[in-house]
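Given the structure is predicted, the values throughout are model-derived calculations rather than measurements.
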Amino acid sequence: MTEATQQFFATLPARAPEVLRGPAMGTLRIDLTEGHRTEHWLVRMRPGVAEVGQGAEPGDATWYCSVDLFDRLVTGRAQAIATTFRNESTFRGDVVLFLAFRRFFPSAPGTRDPREVARQHARWTR
C-alpha cells in the first residue's frame with residue numbers, strides 16, 4: 001500500500017460532506033491486489049458521511065483494482081470510469097456506489113473547470 005493511498009482513505013470521512021450529496025447509500029468494498037496479495041477496504045457511504053475500514057465482508061458493490069492503478073487514481077493520473085472501460089479494473093454490484101465514490105478522486109494535474117475557462121475566454125474577448 002502506498003502512502004498516497006493510505007492518505008486518501010484517511011481523508012474520506014472529512015471530505016464526505018462535500019462529495020456525498022446524492023442518494024448513494026451502501027457499502028463499497030475495494031479489493032486492491034498486488035501479486036498474490038489482496039487488501040480489502042470497506043467504504044460505507046450515505047449522504048454526507050463516509051466510514052472507512054478494512055475487512056473482507058461483502059459489500060453492496062465490489063471494485064477490483066491493482067495497487068498501482070489505485071495509486072494513479074488517488075494522484076489524479078488515471079480516471080476510474082476510464083479504467084473500467086479499458087478492463088484495467090472491474091466492478092460488480094450497485095453502480096451508484098461506484099459513481100459516488102469516484103468523486104473522491106482528484107482531477108488530473110493541470111485540469112481546469114470548463115466553466116472557469118469559458119469565463120476567462122469571455123473576459124479576453126471583451
Handout entry: With sequence neighbours excluded, residues passing side-chain hydrogen bond (donor to acceptor under 3.5 Å, both in side chains) with Thr62
Key = none
Problem - Residues which pass salt bridge (charged side-chain N to carboxylate O under 4.0 Å, His left out) with Arg119, listed by chain and number, not counting sequence neighbours - result: Glu116
Practice task
Could you tell me whether the side chain of Arg44 and the main chain of Glu51 form a donor-acceptor pair under 3.5 Å?
Solution key: no
Exercise for the section: Report whether Leu99 and Val74 are members of the same hydrophobic cluster (ILVMFWY, side-chain heavy atoms less than 4.5 Å apart, transitive linking). Expected result: yes
Problem - Test side chain to side chain contact (heavy atoms under 4.5 Å, CB included) applied to Ala78 - qualifying residues, sequence neighbours left out - result: Leu69, Arg72, Leu73, Thr83
Practice task
Indicate the atoms forming the closest heavy-atom contact of Gly22 with Pro47, along with that distance.
Solution key: O-CG, 3.4 Å
Practice task
For the residue pair Arg29 and Glu57, establish whether any side-chain heavy-atom pair is separated by less than 4.5 Å.
Solution key: no
Practice task
Kindly work out whether a path of hydrophobic side-chain contacts (I/L/V/M/F/W/Y, heavy atoms less than 4.5 Å apart) joins Val95 to Met25.
Solution key: no
Problem - Over 12 foreign heavy atoms within 6.0 Å of CZ, Arg37 - result: no
Handout entry: Non-hydrogen side-chain atoms of Asp71 and Arg77 separated by less than 4.5 Å
Key = yes
Exercise for the section: Please examine the side chains of Trp63 and Leu97, heavy atoms only from C-beta on, and report whether any two atoms are closer than 4.5 Å. Expected result: no
Practice task
Say whether Tyr64 and Leu42 are linked into one hydrophobic cluster, either directly or through other cluster members, by side-chain heavy-atom distances under 4.5 angstrom.
Solution key: no
Completion exercise
Taken to the nearest 0.5 Å, the spacing of His40 NE2 from Ile30 CD1 works out to 12.0 Å
Practice task
Would you indicate whether the side-chain heavy atoms of Arg102 and Gln79 approach each other to under 4.5 Å?
Solution key: no
Problem - Heavy-atom check, side chain of Val67 versus side chain of Thr5, under 4.5 Å - result: no
Exercise for the section: Apply salt bridge (charged side-chain N to carboxylate O under 4.0 Å, His left out) to Asp60 and list each qualifying residue two or more places apart in sequence or on a separate chain. Expected result: none
Completion exercise
Sequence neighbours excluded, the answer for ring-ring contact (aromatic ring centres under 6.0 Å, His included) partners of Phe9 is Trp41, Phe70
Handout entry: Minimum heavy-atom distance Gly76-Pro106, with the two atoms named
Key = N-CG, 3.6 Å
Practice task
Kindly compute the distance separating CZ (Arg46) from OG1 (Thr27), expressed to the nearest 0.5 Å.
Solution key: 10.0 Å
Problem - Euclidean distance, Leu32 CG relative to Asp68 CG, rounded to 0.5 Å - result: 11.0 Å
Practice task
Fit a plane to each ring of Phe104 and Phe101, take the angle between them on a 0 to 90° scale, and name the class: parallel (under 30°), tilted (30 to 60°) or perpendicular (over 60°).
Solution key: tilted
Handout entry: Considering all heavy atoms, the nearest Ser89-Ala80 contact
Key = OG-O, 4.4 Å
Handout entry: Residue list, ring-ring contact (aromatic ring centres under 6.0 Å, His included) with Phe91, at least two apart or on another chain
Key = Phe98
